[in-house]
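So that the names make sense, note that chain A is the first sequence line, chain B the second, and so on, each numbered from 1. If you're wondering where the values come from, they're calculated on a predicted model, not measured in any experiment.
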Number of protein chains: 2
Amino acid sequence: MNEQINPQIQADSRQLILKKTLDIICGKWRLYILYQLGTEPRRYGELRRLIPEVSEKVLIQELKALTNLGVIEKKSYNEVPPRVEYSLTQKGRQVYPTLLKLTSIGEVFMDA
Amino acid sequence: MNEQINPQIQADSRQLILKKTLDIICGKWRLYILYQLGTEPRRYGELRRLIPEVSEKVLIQELKALTNLGVIEKKSYNEVPPRVEYSLTQKGRQVYPTLLKLTSIGEVFMDA
DNA sequence: AAAATAACTAACTTTTAGGTAGGTAAGTTA
DNA sequence: TAACTTACCTACCTAAAAGTTAGTTATTTT
């Protein structure tokens, strides 16, 4: 009904996008996880071994969060002992190159 | 003395770079602050008005942290009432384009 | 029958991030 | 001389993130 552009709504939308971005990359372990899934699917135990410093609880919690955000997906094979694979979603693969470029920020500030 | 490449040292260095990256961009308000400083220096009070949701304590704390990281710098004019300006450093300007591109990550996952 | 396996869950504690409410300095303006 | 201004600081509190420890499940292997 109203064709005016409301700058407040624009601001709110940019804020939401920024928040979503931070949701995805912030958290001590999220980028480590995503980097490990960049090239191939990984089993839960594999991720544990690849990132040994993260606690089991936090790893699972972060995998869940990233799954809910739609960045990664989980595939359970019905086997015992269980087998579960995590991999990037389509959207996850879409942003993966940007995630890789992120570290160029840190590089600039090393030892400075 | 030892010309071998130690993959552990490489891994540690990548880890440090990643940690530095997260130091710079994580924190609820850091990117908001950096975005406001992208185009021009801003006074402390100006930043308060531009980002009214952040508490005074946290704003100052974040400005200090970003200053210590070498992303921004602070210029105090000897006046009363005080006048203080914050701006991006050379290195800060160097990474600013990357900081702007960051939000493309969030865009992909909006309402997904 | 006991032990091993992989991917979890639950209860609890510690650590870190962020927020609230108040105070201060020292000139300027009314 | 009282009130105002701006950029802080301090002590305290709450909430969120992360870590620790100890289960659980349901087959398979020994």
Side-chain angles (χ1 to χ4, degrees), chain A residues 15-16 18-37 40-69 71-88, chain B residues 15-16 18-37 40-69 71-88:
Chain A
Q15 214 161 312
L16 286 175
L18 184 47
K19 191 172 176 311
K20 181 74 80 173
T21 303
L22 295 177
D23 273 356
I24 290 164
I25 62 186
C26 292
K28 212 170 154 188
W29 303 107
R30 297 215 170 166
L31 285 179
Y32 290 91
I33 296 169
L34 293 173
Y35 288 167
Q36 296 303 334
L37 298 179
E40 55 202 308
R42 302 277 196 191
R43 294 184 60 171
Y44 166 75
E46 232 178 324
L47 288 171
R48 281 239 56 193
R49 270 169 266 123
L50 288 163
I51 319 169
E53 307 95 317
V54 68
S55 74
E56 243 185 307
K57 185 202 114 187
V58 171
L59 179 54
I60 285 182
Q61 170 187 295
E62 296 303 90
L63 287 169
K64 258 187 202 163
L66 289 169
T67 303
N68 289 336
L69 284 162
V71 191
I72 68 175
E73 60 197 346
K74 172 179 169 174
K75 178 162 188 192
S76 270
Y77 298 82
N78 262 26
E79 299 177 8
V80 169
R83 182 150 76 99
V84 175
E85 271 183 7
Y86 292 92
S87 55
L88 293 184
Chain B
Q15 213 162 312
L16 286 174
L18 183 48
K19 192 175 175 309
K20 181 75 79 172
T21 304
L22 295 176
D23 272 358
I24 290 164
I25 62 185
C26 293
K28 210 170 154 188
W29 303 107
R30 295 215 171 166
L31 285 179
Y32 290 90
I33 295 170
L34 293 173
Y35 288 167
Q36 296 303 334
L37 298 178
E40 56 201 308
R42 300 277 196 190
R43 295 185 60 171
Y44 167 75
E46 229 178 326
L47 288 171
R48 282 240 56 194
R49 268 168 269 124
L50 287 164
I51 318 169
E53 308 95 318
V54 67
S55 74
E56 244 186 303
K57 187 202 112 184
V58 170
L59 180 54
I60 285 182
Q61 170 187 297
E62 298 301 273
L63 287 168
K64 259 189 200 162
L66 288 169
T67 303
N68 289 336
L69 284 162
V71 191
I72 67 175
E73 61 197 346
K74 172 180 170 175
K75 179 164 187 192
S76 268
Y77 298 82
N78 263 27
E79 299 176 6
V80 168
R83 180 150 78 100
V84 173
E85 270 183 9
Y86 292 92
S87 55
L88 292 184

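When the P atom of D/dA7 is taken as reference, atom CZ of B/R83 falls 9 Å away, rounded to whole Å. One can place CG of A/L59 at 15 Å from P of C/dA6, the figure rounded to the nearest angstrom. For the pair B/L66 CG and C/dA17 P, the interatomic distance rounds to 13 Å; values are reported in whole Å. Computed from coordinates, the B/K57 NZ to C/dG22 P distance equals 16 Å when rounded to whole Å. The distance between atom CG of A/L63 and atom P of C/dA6, rounded to the nearest whole Å, is 17 Å. Distance A/E62 CD to D/dA17 P: 9 Å, rounded to the nearest Å. For the pair A/K74 NZ and C/dA6 P, the computed distance is 17 Å after rounding to whole Å. Atom CD of A/E85 and atom P of C/dA7 are 10 Å apart (whole Å).
Comparing C/dA11, D/dC8, C/dG19 by their closest approach to the side chain of B/V84 singles out D/dC8. Of the listed nucleotides (C/dC8, D/dC8, C/dT9), C/dT9 has the atom at the smallest distance from the side chain of A/K64. Counting only heavy atoms from C-beta on, A/I60 has its side chain closest to C/dC8 among D/dA11, C/dC8, D/dG19. With C/dG19, D/dA18, C/dA7 as the candidates, the nucleotide lying closest to the side chain of A/V58 is D/dA18.
Ion pairing of A/K75 with A/E85 is absent here, as no side-chain N (NZ or NE/NH1/NH2) approaches a carboxylate O to less than 4.0 Å.
The side chain of A/R43 places an N or O atom within less than 4.0 Å of a non-bridging phosphate oxygen (OP1 or OP2) of C/dA7. OP1 or OP2 of C/dA7 has not a single side-chain nitrogen or oxygen of A/K75 nearer than 4.0 Å.
Of all the residues in residues 44-53 of chain B, not one reaches under 4.0 Å from DNA chain C with any non-hydrogen atom.
Inter-residue side-chain proximity for B/Y35 and A/L18 is flagged as met; some heavy-atom pair is nearer than 4.5 Å. Between B/W29 and B/V58 there is a side-chain heavy-atom pair separated by less than 4.5 Å. A 4.5 Å side-chain heavy-atom check between A/S87 and A/L37 finds every atom pair outside the cut-off.
A/R48 contributes no side-chain N or O that, together with a main-chain N or O of A/R43, makes up a donor-acceptor pair within less than 3.5 Å. Looking at A/R30, its side chain does come within 3.5 Å of a backbone N or O of A/D23 through a donor-acceptor pair.
In this structure, CG in B/L63 is found 4.5 Å from CD1 in B/I72, a value given to the nearest 0.5 Å. Within the model, atoms CD of B/Q15 and CD of A/E53 stand 5.0 Å from one another, a figure rounded to the nearest 0.5 Å. Between B/K19 atom NZ and A/L31 atom CG the span is 13.5 Å, to the nearest 0.5 Å.
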Which atoms of nucleotides 23-27 of chain D (N or O only) lie under 3.5 Å from a protein N or O atom, and what are those distances?
none

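Residue A/Y86 is in sugar-phosphate contact alone, with no base atom involved, counting any heavy-atom pair closer than 4.0 Å across all strands shown.
Between the side chain of B/K28 and the base of C/dG18, no donor-acceptor pair of N or O atoms lies under 3.5 Å.
Listed by chain and number, the residues in a side-chain hydrogen bond (donor to acceptor under 3.5 Å, both in side chains) with B/E56 amount to none (sequence neighbours excluded).
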